[in-house]
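What follows is a set of notes on a single structure, which appears directly below.
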Amino acid sequence: MDNFEKHSERKRKMPLFSERWPRISKFILSACAASVAELVTFPLDLTKTRLQIQGEAAVRSYEDARRRTVPYRGMLRTAAGIVQEEGMLKLWQGATPAVYRHIVYSGVRMVSYEHLRDSVLGRAADGSFPLWKAVVGGMMAGAIGQFFASPTDLVKVQMQMEGKRRLEGKPLRFRGVHHAFLKILSDGGIRGLWAGWVPNVQRAALVNMGDLTTYDSVKHFLLLNTPLQDNSITHSLASGCSGLVAAVLGTPADVIKTRIMNQPRDEQGRGLLYKSSTDCLFQAIQGEGFLSLYKGFVPTWMRMAPWSLVFWLSYEQIRRITGISSF
């Protein structure tokens, strides 16, 4: 046996990275797929955040008539206004912390869900998984992932609002991502980095009940009950359903989360507009009506649908290429 054959034999005997550290591999793969999906659809997320802040009743009462307001805009006019007034690249303002967030959030939630599904809750040998178990697993995985990623989400939301502050004649708060982290930490301490984590976790639990639960359930329903194979067509159909359900379930909690994270705070890091997520919910409904909870729904759905499609197709394909079994 020559040296080349010996080297090839050793390589065949060496376990793959994905086999030695399966959870680390899945974390890395899901983080990569989520980063691609985030960058592609980020302008819709920025538009959604701006829409959710418009017309905020608590802000009107807090800052009174001296505040210079920006007229209300719909989704397309908001996006066009950002390009005209702030520049094309501002559509990606806050994208860096958003990618940081998804490295943590998507990595943790995907690994957590698979562990809960395969080891804790127990999936059947034929791949079937009862809906109630999928709901529990999806909500728990989303809550765990979002708790760890909440500081990066806070920075993302606040940086997305910097362009709006410039238009209103207010001074900018941050010079960049790292400055934002340090300033929030110095102003509110560790507690300040987790401002809004309760509605954030609530939203993530609902979104993942829509995203992970729907994708997993629809995909395996199609595989078990139709002639479709485990390929891009099945992945696309399942991701389309998951994006819609996630948007319907997650938008109200997303509105509350965005407002709590964007509100001004005192020296102790306590919010000046809302006492809690429940208080924010009641103020929004009383001051703006129930439909205010669905402000930004269209861009939320328009973002979640392609985000879900890009993420799941990328994730499934990367898993296949690296020799990891299909999700």
- Message: Test side chain to side chain contact (heavy atoms under 4.5 Å, CB included) on Phe147 and Val104; report intermediate values, then the result.
- Response: CA-CA 10 Å; Phe147 177 78; Val104 179; over 6 Å; no

- Task: Start with the C-alpha distance between Ile144 and Val201, add both sets of side-chain angles, then the distance that settles side chain to side chain contact (heavy atoms under 4.5 Å, CB included), and finish with yes or no.
- Result: CA-CA 8 Å; Ile144 293 169; Val201 167; over 6 Å; no

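In terms of heavy-atom proximity, Trp92 sits nearest to Leu39 at NE1-O, 3.0 Å. Across all non-hydrogen atoms, the minimal contact from Gly192 to Leu154 is O-CD2, 3.1 Å. Summarising the geometry of Leu212 relative to Ala141, their closest heavy-atom pair is CD1-CB, 4.2 Å, with the distance given to 0.1 Å. Listed here is the closest heavy atom pair of Leu293 and Ala284: CD2-CB, 4.3 Å. Counting all heavy atoms, side chain and backbone alike, Ser35 lies closest to Ile103 at OG-CG1, 4.0 Å. What you find for Ala37 and Thr41 is that their closest heavy atoms are O-OG1, 2.8 Å.
Cluster annotation: Val136 and Val120 are assigned to the same hydrophobic cluster (Ile/Leu/Val/Met/Phe/Trp/Tyr, side-chain heavy-atom contacts under 4.5 Å, transitive). By the criterion of side-chain heavy atoms lying less than 4.5 angstrom apart, applied directly or through intervening Ile, Leu, Val, Met, Phe, Trp or Tyr residues, Met88 is grouped together with Phe42 in one hydrophobic cluster. Neither Met304 nor Leu249 shares a network with the other; the hydrophobic side chains, linked directly or stepwise wherever heavy atoms of I, L, V, M, F, W or Y lie under 4.5 Å apart, form separate groups for each. When hydrophobic clusters are built by joining Ile, Leu, Val, Met, Phe, Trp and Tyr residues whose side-chain heavy atoms come closer than 4.5 Å, directly or via intermediates, Phe327 is not grouped with Val36. Clustering ILVMFWY residues whenever any of their side-chain heavy atoms sit less than 4.5 angstrom apart, transitively, puts Trp301 in a cluster other than the one holding Val207.
Side-chain N/O atoms of Thr251 and Lys295 include no donor and acceptor closer than 3.5 Å. Of the N and O atoms on the side chains of Ser30 and Ser106, not one donor lies less than 3.5 Å from an acceptor on the other residue. When only modelled atom types and interatomic distance are considered, His220 and Asp216 share a side-chain donor-acceptor pair under 3.5 Å. For the 3.5 Å distance criterion, the side chains of Trp312 and Asp211 qualify, holding a donor opposite an acceptor. Checking Ser326 against Glu316 by side-chain atom types alone, a donor-acceptor pair falls below 3.5 Å. When only modelled atom types and interatomic distance are considered, Asn208 and Tyr113 share no side-chain donor-acceptor pair under 3.5 Å.
Between Tyr315 and Phe311, the ring-plane angle classifies as parallel under the 30° and 60° cut-offs. Between Tyr294 and Phe290, the two ring planes are tilted [angle within 30° to 60°].
Side-chain contact between Lys219 and His235 is present, with at least one heavy-atom pair separated by less than 4.5 Å.
To the nearest 0.5 Å, atom OG of residue Ser314 and atom CG of residue Leu29 are 11.0 Å apart.
Taking the six-membered ring for Trp and the full ring otherwise, the centers of Phe181 and His178 sit at least 6.0 Å from each other.
More than 12 heavy atoms of other residues, nucleotides or ligands shown are found within 6.0 angstrom of CD1 on Ile321.
No donor-acceptor pair under 3.5 Å is formed between the side chain of Glu38 and the backbone N or O of His102.
Using a cut-off of 4.0 Å between Lys/Arg side-chain N and Asp/Glu carboxylate O, Arg259 and Glu288 are scored as salt-bridged. A salt bridge is defined here as a Lys NZ or Arg NE, NH1 or NH2 lying under 4.0 Å from an Asp or Glu carboxylate O, and Glu114 with Arg109 fails to meet this definition.
Under the side chain to side chain contact (heavy atoms under 4.5 Å, CB included) test applied with Lys133, the options Leu116, Leu121, Thr213 reduce to a single match, Leu121.
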